[in-house]
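Within every chain, numbering begins at 1; the chains are lettered A, B, ... in the order of the sequence lines, protein sequences first and strands thereafter. Because the structure is a prediction, the values reported are computed rather than measured.
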Amino acid sequence: MTNNLNPRQREAVQYIDTPLLVLAGAGSGKTSVITRKIAWLIGTAGYDPAKIVAVTFTNKAAREMRERASKLVGSNVKGLGISTFHTLGLNIIRSEHKALGLRSGFTIFDAEDARALVRELMQRDAGGDASLADTVQQAISTLKNDMVGAEDALALAKSPREMLIAQVYEGYERSLRAYNAVDFDDLILKPVQLFNAHGDVLARWQDRTRYLLVDEYQDTNLSQYRLVKQLVGVRGALTVVGDDDQSIYAWRGARPENLVQLKEDFPNLKVIALEQNYRSTGRILRAANAVIANNPHVFEKKLWSELGPGDPIRIVACKDEQHEAEKIATEILGHRARSNGKWKDYAVLYRGNFQSRLIEEKLREKQVPYKVSGGQSFFARAEIKDLMAYLRLIANPDDDSAFLRVVNVPRREIGPTTLEKLAQYAGKRHVSLSTAAGEMGLGEVLGGQYREKLARFVHWLDDVRQRLHRLPAKQALNEMLEELGYEAWLRSQTATPQGAMKRYENVTSLVESIHTMSEKVDDHGKRPDIGEVIARLVLLDMLDQQEEQDDSDRVQLMTLHASKGLEFPNVWVLAFEENVLPHRSSIEANTIEEERRLLYVGITRARRQLTFTHAQKRKQYNEMLRCEPSRFMAELPKDDVRFEGEGTQASSEEKARSRDNALAALDALFKR
DNA sequence: TGACGCTGAGTTTTT
DNA sequence: CTCAGCGTCA
């Protein structure tokens, strides 16, 4: 159970006397420690698997943890409580929804839904400006994560701006309540509020949480921190794993100081640092240690490895951004031809998504297969949002937001004027749009033919709802799509037939997932209803899963943020310059330390080779700007760094290298 | 309803 | 520059 672990890891696995903080350096095998610990708790310490709760931030991490833990424990384990924070919150809300004033079938608003609602509220109440809406939505989310309610926000507002935010916040909360809906932030916040108010409910959940493990603790925000504290209670059966040096999400509410706070919350806290790195060469780790040593630390930590010093880190000066991209593409091509390695062993990391464009161009030119990660999530696609809105409305007739999305998609000749009158009537009667649409009294404010169209729509929804109870999900949904004429609608809305086909395939794949989830019985032998299925779906990134299976051999392009948790044999980091890394706005906001951590994350992604590039000048919008090398360059250990392309004269070594690259590229071309 | 042109913003983003 | 979102016009 604890073989193949180093002494520190083993200690972390077996330690249960007091709360434990595992400071897991990059590449130190933290997932192993968590999964082994789960297995050890069950197998050796005799814990009930159903009462072990392990939380992560991403579905991917949860999936990986579940797979590895079940393999260790044996797949006969029922009810291993491994999930994301949000899924844990959803589980709590689902079983306690009555106490929270939610009716069953409640909707989960995703970020886009929330944004749309804020937009609408601002248009109506504040006569506003949509670009402001995004800022306001962010602000509301931040307030919620900081556990500041709408009333508090109103009371605390000091500026007109804060006042506006607080007012929209209030309307936003009112709307969610009316729609029988919660947003992502509520999934954590509501359980915390509930536990605060009802000690008996909390006691029940504490009893179901005999041991709690939290991954990436440095990324927790205030409400997540509270939830952890509540669940742990006085028992202190807690292991958190984190790395303060990899905290790169403070800008979206993460509080790395929660790590330090643990010491105060639990005076008997045990701290174990995992410092042996199994990923990178000595020079790469030396660079990482040297850079991060410039940040203040509460917990000291120094990565080391047994993999030998390896190659020097290269810093390549380039003339401009074209040269830089060209150089990276050529180097990858050359290196891969020489080493006969795989494309996916190469990663290009950058600060902002837009920086992928040039590299993409150059890689395409050279016919190098690549993959850009990041981009539209599955659930952000219009066709998926449409279908999800239909399902939301079926599960939750009070979801006005879903009603408005689909009432005229495909066209039902229900226009804005009709909807406005419907909304007025619904408002007066204090009912939802879909309830109002079915009421006879609506005839008083709306002409017969319009009322008729609305009534037909809600009756059809009722009909589909009943069929969903009766029939297998796939059949009911396919009938629904057929009756909607959705495929034809997509064809009419999409430029190319191929595009339409692709989009309809997305729809079919969603139907397939829903079907599978609906058929799956839970631990109590019950099948989930449609409300439950779609609630879980919203929290599931299906794109993630598609990507997981996609093991295609391609060069990886992604932001430094997106690279966290990944590793690559060969890494290039672009634009190692002032105003990029560190980013201009971070310099202005005085958040250099987080920028340094971002660099630290970048460095520690590399297993064997690490190259930074920087350009002397760079075209920004339409003017050429001079670029200064990053201040962080001076923090790298000189002995481990080799500078290339300084000045105009290329070193003989570099000439040789570029000749080699050219030859290798030529060679590769002939082979193809 | 759809096409066109104006305006403004331009770091990172899971759930 | 480039893209998104909005308003205007046919």
Side-chain angles (χ1 to χ4, degrees), chain A residues 55-63 83-90 108-116 119 123 128-135 137-138 141-142 144-145 182-189 215-216 219-221 223-224 247-254 321 349-358 373-380 408-409 411 413 415-416 492-493 495 535-544 558-565 574-575 579-589 591 594-595 597-599 601-602 618-625:
Chain A
V55 281
T56 64
F57 278 86
T58 65
N59 289 306
K60 194 175 158 206
R63 209 179 314 129
S83 72
T84 63
F85 261 105
H86 294 266
T87 300
L88 172 64
L90 174 64
I108 299 172
F109 268 40
D110 69 17
E112 208 181 304
D113 303 324
R115 207 181 58 194
R119 268 206 194 139
Q123 225 140 47
D129 174 2
S131 67
L132 231 167
D134 286 13
T135 327
Q137 195 253 319
Q138 286 271 20
S141 175
T142 303
K144 291 179 91 154
N145 289 151
V182 295
D183 65 16
F184 279 153
D185 301 324
D186 286 332
L187 291 174
I188 317 292
L189 185 56
D215 190 19
E216 304 275 19
D219 287 341
T220 51
N221 60 34
S223 60
Q224 287 158 340
S247 164
I248 53 174
Y249 288 111
W251 53 273
R252 70 176 193 210
E321 79 280 7
L349 310 182
Y350 36 80
R351 183 62 224 257
N353 280 309
F354 70 95
Q355 291 173 301
S356 71
R357 275 194 45 178
L358 259 184
S373 63
Q376 225 190 9
S377 115
F378 186 80
F379 286 97
N408 208 27
V409 172
R411 304 238 156 81
E413 300 173 288
S492 77
Q493 293 303 106
R536 299 206 178 276
L537 265 173
V538 174
L539 295 184
L540 248 186
D541 201 334
M542 313 220 308
L543 205 72
D544 246 32
M558 70 189 80
T559 63
L560 284 158
H561 282 89
S563 75
K564 195 175 128 189
L574 284 194
N579 297 321
V580 179
L581 184 63
H583 194 271
R584 214 178 100 109
S585 34
S586 298
I587 298 172
E588 281 162 15
T591 54
E594 180 146 312
E595 295 292 293
R597 293 193 290 265
L598 192 54
L599 170 61
V601 166
R618 196 176 280 283
K619 197 151 96 181
Q620 196 174 36
Y621 312 137
N622 54 6
E623 52 179 348
M624 270 299 194
L625 287 181

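Judged purely by atom type and a 3.5 angstrom limit, Asp183(A) has no side-chain atom pairing as donor or acceptor with the backbone of Ile108(A). Between the side chain of Asn59(A) and the backbone N or O of Leu539(A) there is at least one donor-acceptor pair closer than 3.5 Å.
For Arg357(A), whose side chain is taken as the heavy atoms from C-beta onward, the closest listed nucleotide among dC3(C), dG5(C), dT1(B) is dC3(C). Side-chain atoms of His561(A) lie closest to dT12(B) of the nucleotides dG5(C), dT12(B), dT15(B). Listed nucleotides: dT15(B), dT1(B), dG5(C). Nearest to the side chain of Arg115(A): dG5(C). Picking from dC6(C), dT15(B), dC1(C) the nucleotide with the shortest atom distance to the side chain of Tyr621(A) gives dC1(C). The listed nucleotides are dT13(B), dT15(B), dG2(B); the one nearest the side chain of Arg411(A) is dG2(B). Closest to the Thr58(A) side chain, of the nucleotides dT15(B), dG5(C), dT13(B), is dT15(B). If you check dT12(B), dG5(C), dT14(B) against the side chain of Arg252(A), the one that comes closest is dT14(B). The side chain of Phe184(A) sits closest to dT15(B) out of dT15(B), dC3(C), dT13(B).
Residues that satisfy the ring pair (Phe, Tyr, Trp, His ring centres under 6.0 Å) test with Tyr350(A), not counting sequence neighbours, are absent from this structure. With sequence neighbours excluded, the residues satisfying salt bridge (Lys or Arg N to Asp or Glu O under 4.0 Å) with Arg584(A) are Glu588(A).
The P atoms of dG5(C) and dT12(B) are separated by 15 Å, rounded to the nearest whole Å.
Residue Asn353(A) places at least one side-chain N or O closer than 4.0 Å to OP1 or OP2 of dT13(B). Between Asn59(A) and dT15(B), a side-chain N or O to OP1/OP2 separation shorter than 4.0 Å is present.
Atom pair Phe85(A):CZ and dT14(B):C1' shows a separation of 12 Å (rounding to whole Å applied). As a whole-Å value, the separation of Arg584(A) CZ from dG10(B) P is 11 Å. To the nearest angstrom, P of dT12(B) lies 16 Å from CD1 of Ile587(A). Across the protein-nucleic acid pair, His583(A) atom NE2 and dT12(B) atom C1' stand 9 Å apart, rounded to whole Å. Residue Glu112(A) contributes atom CD, which lies 16 Å from atom P of dT13(B) at whole-angstrom precision. To the nearest angstrom, P of dT15(B) lies 16 Å from CD of Gln137(A). Taking atom CG of Asp134(A) as the reference point, atom C1' of dC3(C) lies 14 Å away to the nearest angstrom. Rounding to whole angstrom units, CG of residue Asn408(A) and P of dG2(B) are separated by 11 Å.
Comparing Phe354(A) and Leu187(A) by the nucleotide of DNA chain B whose heavy atom lies nearest to each, the residue mapping closer to the 5' end is Phe354(A). Along DNA chain B, the nucleotide nearest to His86(A) and the one nearest to Ser586(A) differ in position, and the one closer to the 5' end is contacted by Ser586(A).
If you check every strand for non-hydrogen atoms under 4.0 Å, Ser585(A) touches a base. Arg597(A) comes within 4.0 angstrom of nothing in the nucleic acid, heavy atoms only.
Stacking between Tyr249(A) and dT12(B) is absent: the aromatic ring centre is not both under 5.5 angstrom from the base six-membered ring centre and within 30 degrees in plane angle.
Closest of all the heavy-atom pairs between Val601(A) and Ser563(A) is CG1-OG, 4.1 Å.
If you check the side chains of Ser585(A) and His583(A), you find a donor sitting under 3.5 Å from an acceptor.
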